[in-house]
Amino acid sequence: MDDFNSYGTSKYGSGPPLGRRNPFLDQLDAIDANDDPFISSPYAATEDNASISAYSSSAPDSDPYAISSPNATNIASVQPNTNSDSTGLSTYKAYSTSTTGLDNYQPYYDPSSDGPFTDDTTYDMADLSGTGRRRSKLPPQSGVGRFYGRMKQRLGVGPKYSEMDLPLTDARAQAPLGTIDGLGVGATYQDDSYLDTEPSTEFDIRQIFNKILRRKPVDPSTLGPRIIHLNDSASNGRNGYLDNHISTTKYNIATFLPKFLFEQFSKYSNLFFLFTCIIQQVPNVSPTNRWTTIITLGIVLLVSAVKELIEDFKRRNADKDLNNAPILVLNNGIFETRKWVNVSVGDIVRVESEESIPADMVLLASSEPEGLCYIETANLDGETNLKIKQALDETATLVSPTELSRLKGRIKSEQPNSSLYTYEATIMMETFGNEKEVPLNPDQLLLRGATLRNTPWVHGVVVFTGHETKLMRNATAAPIKRTAVEHMVNLQIIFLFAILIILSVISAAGNVIKTAVAGPTLSYLYLAGTNKFGLFFSDLLTNWVLFSNLVPISLFVTVEIVKYYQAFLISSDLDMYYKHTDTPTICRTSSLVEELGQIEYIFSDKTGTLTRNVMEFKQCSIAGICYGDEIPEDKRATEIDGQMVGIFDFKTLNDNLDSHPTKEVIHEFLTLIATCHTVIPERKPDDDQIKYQAASPDEGALVEGAAKLGYRFTTRRPKSVTINELGTNAEYELLNICEFNSTRKRMSAIFRCPDGRIRLYCKGADTVILERLSPGNPYVEATMQHLEEYAADGLRTLCLAMRAISDAEYAEWSAIFDRAATTLTNRSEELDKAADLIEKDMFLLGATAIEDKLQDGVPDTIHTLQTAGIKIWVLTGDRQETAINIGMSCKLLSEDMSLLVVNEESKEDAQSNIKSKLSAIKGQSAETQLLDTLALVIDGKSLGFALEKDLEKDFLDLAIMCKAVICCRVSPLQKALVVKLVKRHLNAILLAIGDGANDVSMIQAAHVGVGISGMEGMQAARSADVSIGQFKYLRKLLLVHGAWSYQRLSKVILYSFYKNITLYMTQFWYVFQNAFSGQVIYESWSITFYNVFFTVAPPFVLGVFDQFINARLLDRYPQLYQLGQKGTFFNVRSFWAWILNGFYHSIILYVGAEFTYRNSLKETDGLIAGHWVWGTALYTACILTVLGKAALITNLWTKYAVISIPGSFLFWLIFFPVYGTVAPMVGVSEEYYGIMPHLYSELPFWAMCVILPMLCLIRDFTWKYAKRMYFPKSYHHVQEIQKYNIADYRPRMEQFQKAIRKVRQVQRMRKQRGFAFSQADEGQSRIIRAYDTSQGRGRFGEMKTLHRK
């Protein structure tokens, strides 16, 4: 065994991969070499005496600290606590525990949003101390922006306002000083700036209503414990508890108007037009009709309101489906079906297998022995292993409705709070006139959102409902998300405001100067005695209204409608429809579609998102021979040089059981996996089929695999197990269990076998099994080779070993083990020491390989997204080994990557670890090729330290230098905090994707949230901006629909600004002709119709149907996605290029029209054309010019493009004669009276309509030709490929890269491997000893013989 250290690596090391090894890796390996390794490189040098595993410092499952306080008002202090939570997550909780007053009431909140860093702040990358100068993500605000910001701050909606900070149920409460929820053990702060020390002044509509209604906030600490009466609905009803209704909608009747108006008037253009509407109502100021702007603004707001209501109605319908789900509730001695929404506090409910828990409830009884039941909490905390809950002995016998209905008493419970892992209550039961008080703990609490597994039914009494459940307490209000494009548009509108003011000042000053200089010649205007100062400001307001249309009022309503139809196209895409579950893609929030084309970071959950949480026994190595189920043709066993190499099928394994020299080893191997486990066999009464109930899906897969190979596990009794060995029943007497835990990484069972001999069967991680083998094991080398191949395929592996034990040795060891099991101090450590004494000198039988089945297309999707320049971080509640293993199988991690592992027990160690890694990387040249070989793996406890204020910047700098990041054992809150950390410091667009309720905070914290409608329920899908059926659909969602949406919307916005500048700047050039009088060129309603009728269609068609590249090529060349990441189509430069182009076109149009109609143009009948004929002709030329520009920028000509561009001009030519004739007759648009005969009949009009647009657009056409021919961008080349259907003859690099990885794999002796254990660390022996499956179930489905009477 000296040849193998704790890593299982040969002491002779391994050769460098394909040439000389990068010295950077040597430097990383050399750092802190004597401590627990923080870099698990596949090339890391090792020593003979290395005894610490790469994972040996993983976080223990007990929380060594908890906050205790004598009362709710005292500052919490940190005290040691050896109690373990059910999940093993080490978290830091901002509420009191272990109190007698049941004051556990502090609500959830995210402390990161209240620190000195806000979402509008980022840091220079050179500043590694975290104390550097802050810089704004957006360019500095103008004076108008600062004024508007100050006004919002006065109203309580300043930069700190965020819907993410508002719990769904009540206002935020203070966290005790020095504690931050979710930031890990020992996370204390002396800096008060990180916490709220003053009452919150943030905008909350509920606080406003409470003030109006004079409601005073209730301090939960003054309420005392919650009293719940058993079987007394009348008493519970008088307490006024919330019903079980939940809502994830953005609005309700009371909040719609204020929240909607706040969101709409956060857009500077709407504020601008509101001010313009007010000015227009002032008599003798507005040069246009007083109603034109206010009607248009009303339409804009109405359309936006309808869109918001439609989207919120969809959320409400989703909530309705959940609220109306059926559940069984006890009523008058029988269980009747009710809707979830009708479940009340104090109700006794029955939940059956595979059903979700409808509300937080105390477990009373179950169908299993001793009131045990299995709960899957993946929807809450992301962990895939099943949790064990157990009812009190006093209630475990209440299996019938009659017994339940006779239950009297009350529960004294803590007040509703957000802690998922603590619960304090007592139950007082009335028996024969006496009252017995029994304490309750988290083992009896079943949380809403969890799913009952492997248990036919449970009974429970409801303690928290609706928004008071712990799940909803951890939820946050639907946030108001604004996109980067919206921020950019708001910013550019400010600059347009500045231009408008400059133009207005110039015009007003010109009028004052003209009046002062030429006053005597203008006596007919009666200007004598006019106050020049008053005249200036009056003209300023007049010109403000005159030039107000420089900012397109229709822009935002156009954008809203375009986004809505883009979302409709996404939802209608059959390529993203998952037929197996009848799940279409649903875009729930259309306002974010363009950000799908700019994503730089993806934060993904693992379970249910990347994987199916379905385990399958794929291959095994027995006595150095590899067997498998489904074997590829190139790996089938063949004879080479007289030796058989490759993989044999399972049929060969069965044949070898009869006559092969290794048949004894095969027998022991199959016996081990059929007996050494915690699985419970469940046999249906009318069927011989057995369903295996497994807390660990890995164990279930192994037992099912053994059954398929002829070793069928049939019966479990408290002291024995029975298996059917190839048709013969064999009973194995269970003597002892040495339980699995994260430190031991193995499980052992000691049996007295049917032949009378005592054998120890052990399974575990190869790193711990190999060092406990006896010398001279013949199958070690072959098994290690097979383990390498399994790891390369991303399979989860276990090593299996056994040893025969003499009766004398067992008797001696059993006495030691019994003493350890009964000790009162350090019992767990003593049991581990006792197990070490017997787990030695074992014989290696072989290894198993289990596939944690990925969702279809996950590896290809991840590879393609990484090629597109997107970095992917996996945030999971699973163990470190499991997370790494999934990272390998889904190709997030590759064999040639160096894993930087941060897995520390203290903040000092974590800080030293992170800083030393960062220094080592910065000491090398930051080559892209080098950084592409790094991956960071960090566990939940270390992440808690890394998220602290003084370390978060170093952690982020290290993380962004890695190609992939995996955060394991993280809590739901930590997921959100990681997302917010990146969001706060990097100017990047983030996407979070998950499928469980534990992912909701992360989804809402990101710029774009994507939910998967998966096995873990619909909570994430309902709370997300987009819901999809499978992870693979993310590929088309981003690379195709995202790229299209961003490019289309960019074009719509730029074109909308351009067309308004082109028309309305002609009005400015005219002021120099009309003596700055404010006279308009165009009729008032025609100005309004310009955006409403005549140029409204092209933006819609461009925004909905245009394709700059088709879907196939966008997917074929994912590098094109970087156009959106870099902001190629919409940035400050492109914005001002379009604005200047509009200025240029307006000058040509105005000068050309002025030249054509100079001296009022005498017509053929001797009359002069006049002002309105000239203005209408110029208006027509403007329309044709901007429509011609739309034709130039159209990439895909469809029937809709033809209708919108030429059709819009034809519509104007038809509309004007009708309107110009009818409108003056009814007293509207009298300016058009009599001009129709003098317009269409004149040749200069038609000549101007042809020549002026050509003069304008010839420059645009020339520039477009020059760019494409001489300065092409990447998408220009792909457009040529698309146009001429050019074949792609690029060599397929995938096969070459695969061969390179294979060579590197052969050169290495060791890689990271995950082992197939995922059950809880404790309680295994209790489960095994509790069951006797040979006994039948009782009348109500309970295991009647084992329930305590």
Side-chain angles (χ1 to χ4, degrees), residues 59-72 74 76-109 167 169 173 175-176 179-187 220-221 223-226 228 357 359-363 375 377 380-381 383 387-390 392 411-427 438-450 460 463-464 468-474 877 940-941 944 969 971-974 997-998 1320 1322-1323:
D61 287 351
S62 61
D63 187 355
Y65 297 95
I67 302 169
S68 62
S69 59
N71 54 63
N74 288 346
S77 60
V78 179
Q79 299 291 342
N81 181 5
T82 58
N83 294 331
S84 304
D85 59 41
S86 61
T87 63
L89 289 175
S90 297
T91 57
Y92 213 60
K93 306 172 178 64
Y95 41 75
S96 63
T97 62
S98 304
T99 60
T100 57
L102 302 175
D103 296 327
N104 193 354
Y105 61 87
Q106 293 286 2
Y108 164 87
Y109 75 98
T169 51
T179 66
I180 297 298
D181 188 12
L183 291 186
V185 175
S221 64
L223 298 178
R226 165 175 286 208
I228 302 160
I357 310 297
D360 291 354
M361 59 189 233
V362 170
L363 176 63
I375 297 295
T377 59
L380 297 171
D381 56 22
E383 289 213 33
K387 309 297 189 303
I388 303 167
K389 300 291 185 177
Q390 185 172 16
L392 296 174
I411 294 176
K412 232 168 118 177
S413 170
E414 66 184 17
Q415 291 295 329
N417 61 79
S418 62
S419 170
L420 295 176
Y421 310 121
T422 63
Y423 182 64
E424 297 175 5
T426 59
I427 181 170
V438 184
L440 296 170
N441 58 59
D443 281 344
Q444 286 84 51
L445 185 65
L446 306 182
L447 299 179
R448 176 183 179 129
V463 292
F464 303 131
E468 290 184 337
T469 60
K470 292 180 181 288
L471 172 65
M472 298 307 295
R473 283 281 177 154
N474 277 279
K941 179 175 285 190
R969 302 290 284 174
S971 67
L973 179 58
Q974 283 179 320
N998 61 306
E1322 70 285 330

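A quick note: this is a predicted structure, and the numbers were derived from the prediction, not measured. Residue numbers count from 1 along this sequence.
In terms of heavy-atom proximity, A450 sits nearest to I375 at CB-CG2, 3.4 Å. Pairing each heavy atom of A425 with each of S413, the nearest pair is CB-CA, 3.7 Å. Shortest non-hydrogen contact noted between P225 and Q415 is C-NE2, 3.6 Å. The two atoms that bring R473 and S418 nearest to each other are CB-CA, 3.8 Å, heavy atoms only. Among all heavy-atom pairs drawn from T426 and P439, the shortest one is CG2-CA, 4.1 Å.
The distance from the CG atom of L392 to the CG atom of N441 is 7.5 Å, given to the nearest 0.5 Å. The distance from the CG atom of N417 to the OG1 atom of T422 is 5.5 Å, given to the nearest 0.5 Å. We find the CD-CG distance between Q444 and L363 to be 7.0 Å, quoted to the nearest 0.5 Å. The distance from the CZ atom of F464 to the CE atom of M472 is 15.0 Å, given to the nearest 0.5 Å. A distance of 6.5 Å separates CG in L445 from NZ in K389, rounded to the nearest 0.5 Å.
The side-chain contact (heavy atoms from CB on, under 4.5 Å) test with V463 is passed by exactly one of V362, L446, T469, L440: V362.
In terms of modelled atom types and a separation under 3.5 Å, the side chain of E424 and the main chain of E414 share no donor-acceptor contact.
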